[in-house]
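The analysis underlying the following values was restricted to heavy atoms, covering all of them including side chains, and did not include hydrogens, waters or symmetry mates.
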Amino acid sequence: MVAQEFTVDLSKPLVFQVGHLGEAYQEWVHQPIVSKEGPRFFANDFLEFLTRTAWWAIPAIWLPVVCWFVTMSMRMGHTVPEVALTVGTGVFVWTLIEYTIHRFLFHTKTKTYWANTAHYLLHGCHHKHPMDGLRLVFPPAAAAILCVPFWNLVKLFATPSTAPALFGGGLLGYVMYDCTHYYLHHGQPSKNPARNLKLYHMSHHFRVQNKGFGITSKLWDIVFGTLPPSNISGKTS
């Protein structure tokens with residue numbers, strides 16, 4: 001007797017269903033449903049609430065934190081040019097973190113129940129429902145938790161007076177990333193470089209999903225050879 005393949009019921013909460021797809025999960029999650037109406041994740045209303053974040057919450061919450069860290073380095077005696085250079089370094093480092101996380105964590109291959117479930121929560125949901133505007137940016141509560149180990153890591157590599165500005169720069173890079181990502185999906189840029197970057201990212205979603213991992217720029221895709229083929233990088237569905 002042949003076992004029947006599991007089918008996801010889109011009318012029911014999805015998170016605890018997708019794990020049952022097993023090896024079929026990767027194919028399923030990379031077949032996007034283009035609708036601004038996002039699916040329900042959890043039956044529990046509070047858990048469901050935690051999965052939804054308006055894009056404007058990211059700059060509203062995190063830019064004051066960025067300013068606080070940057071001014072901390074200034075209070076410790078650094079000049080404005082020194083702090084600006086350190087912040088710029090933090091932003092640059094973030095672009096590499098952005099690329100690395102997107103390529104090696106968000107696009108890891110999974111097939112077991114809990115691995116599929118975790119992947120769906122992290123990034124799979126975005127590829128399945130790429131126009132879900134309330135699940136495009138990272139929930140602030142989860143970001144706050146992740147800030148702790150990143151802050152401790154920065155303190156290992158920087159001096160006490162430059163660490164705040166370096167961390168603030170990285171956090172600024174993250175804010176730029178999340179806002180850019182939202183704009184690439186829901187904005188309608190008519191001029192370059194924004195228009196070209198939108199086409200580039202849409203190619204990642206709808207044509208070559210194992211290439212084009214940069215969001216704010218193509219820099220690291222160029223460096224590591226993950227640019228999509230030139231004949232399709234400028235097109236979208």
ask   = For His129, what residues pass the side chain to side chain donor-acceptor pair (under 3.5 Å) criterion, not counting sequence neighbours?
value = none
inquiry  = Using every non-hydrogen atom in the two residues, find where Phe92 and Thr95 come nearest and quote the distance to one decimal.
reply    = O-OG1, 2.5 Å
ask   = Is it true that Trp55 and Tyr177 have ring centroids separated by less than 6.0 Å?
value = no
query = Got a sec, which residues hit salt bridge (Lys or Arg N to Asp or Glu O under 4.0 Å) with Asp221, two or more places apart in sequence or on another chain?
reply = none
query = Under 30°, 30 to 60°, or over 60°: which ring-plane class applies to His181 and His185, parallel, tilted or perpendicular?
reply = perpendicular
task = Over all heavy atoms of both residues, which pair between Ser73 and Ala165 is shortest? Give the atoms and the distance, please.
result = OG-N, 3.0 Å
query = Quick one: ring-ring contact (aromatic ring centres under 6.0 Å, His included) partners of Trp68, sequence neighbours excluded?
reply = none
ask   = Members other than Phe157 in its cluster, when Ile, Leu, Val, Met, Phe, Trp, Tyr link by side-chain heavy atoms under 4.5 Å?
value = Leu153, Leu156
Using distance only, find each side-chain donor-acceptor pair of residues 80-88 under 3.5 Å and give its atom names and separation, not counting sequence neighbours.
| residue | atom | partner | partner atom | Å |
| --- | --- | --- | --- | --- |
| Glu82 | OE1 | His78 | ND1 | 3.2 |
| Glu82 | OE1 | Thr79 | N | 3.0 |
| Glu82 | OE1 | Thr79 | OG1 | 3.4 |
| Thr86 | OG1 | Glu82 | O | 2.9 |

Pairing residues for Arg195 by the side chain to side chain donor-acceptor pair (under 3.5 Å) criterion, not counting sequence neighbours = none
query = Can you name the nearest heavy-atom pair linking Pro130 to Phe206, along with the distance?
reply = CG-CZ, 3.9 Å
request  = Return the set of residues passing side chain to side chain donor-acceptor pair (under 3.5 Å) with Asp9 (not counting sequence neighbours), or none when no residue passes.
outcome  = Ser11
Linked, directly or transitively: Trp94 and Leu136 (ILVMFWY side chains, under 4.5 Å) = yes
Please tabulate, for the side chains in residues 208-215, all donor-acceptor contacts under 3.5 angstrom to protein atoms that are two or more places apart in sequence or on a different chain.
| residue | atom | partner | partner atom | Å |
| --- | --- | --- | --- | --- |
| Gln209 | NE2 | His205 | O | 2.3 |

message = Within the structure provided, determine whether Val18 and Lys128 are in side-chain contact (heavy-atom separation under 4.5 Å).
response = no
inquiry  = For Phe16, is there any backbone N or O sitting under 3.5 Å from a side-chain donor or acceptor partner on Tyr113?
reply    = yes
Name the atoms and distances for all side-chain donor-acceptor pairs under 3.5 Å in residues 19-27, with sequence neighbours left out.
| residue | atom | partner | partner atom | Å |
| --- | --- | --- | --- | --- |
| Tyr25 | OH | His119 | ND1 | 2.7 |
| Tyr25 | OH | Tyr120 | N | 3.2 |
| Gln26 | NE2 | Thr110 | OG1 | 3.3 |

ask   = For Leu166 and Val154, which heavy atoms make the closest approach, and how far apart are they?
value = CD2-CG1, 4.0 Å
remark   = Residues joined to Ile145 in its hydrophobic cluster, side chain to side chain under 4.5 Å directly or through other members, sorted by chain and number, are none
note = The complete set of salt bridge (Lys or Arg N to Asp or Glu O under 4.0 Å) pairs with one or both residues in residues 44-68, sequence neighbours excluded, reads Arg40-Asp45, Glu48-Arg52, Glu48-Arg135
remark   = Closest non-hydrogen atoms of Gly38 and Asp132, given as atom of the first, atom of the second and distance, are CA-OD2, 3.3 Å
query = For the residue pair His107 and His102, does the interplanar ring angle fall in the parallel (under 30°), tilted (30 to 60°) or perpendicular (over 60°) class?
reply = tilted
message = So that I know where these two stand, are Tyr174 and Phe138 an aromatic pair - ring centroids less than 6.0 Å apart?
response = no
remark   = All heavy atoms of Met72 vs all of Pro164, minimum pair found to be SD-CG, 3.4 Å
request  = Would you mind reporting whether Tyr99 and Thr226 have side-chain heavy atoms less than 4.5 Å apart?
outcome  = yes
request  = Applying side chain to side chain donor-acceptor pair (under 3.5 Å), name anything that partners Thr162, two or more places apart in sequence or on another chain.
outcome  = Thr159
message = Main chain of Ala163, side chain of Lys155: is a donor-acceptor contact present, judged purely on distance under 3.5 Å?
response = no
query = Looking at side-chain heavy atoms only, is the closest gap between Cys125 and Val15 below 4.5 Å?
reply = no
message = Checking Phe41 against Leu121 for the side chain to side chain contact (heavy atoms under 4.5 Å, CB included) test, could you report, in this order, the C-alpha distance in whole Å, the side-chain angles of both residues, the deciding distance, and whether it holds?
response = CA-CA 9 Å; Phe41 274 21; Leu121 282 168; 4.0 Å; yes
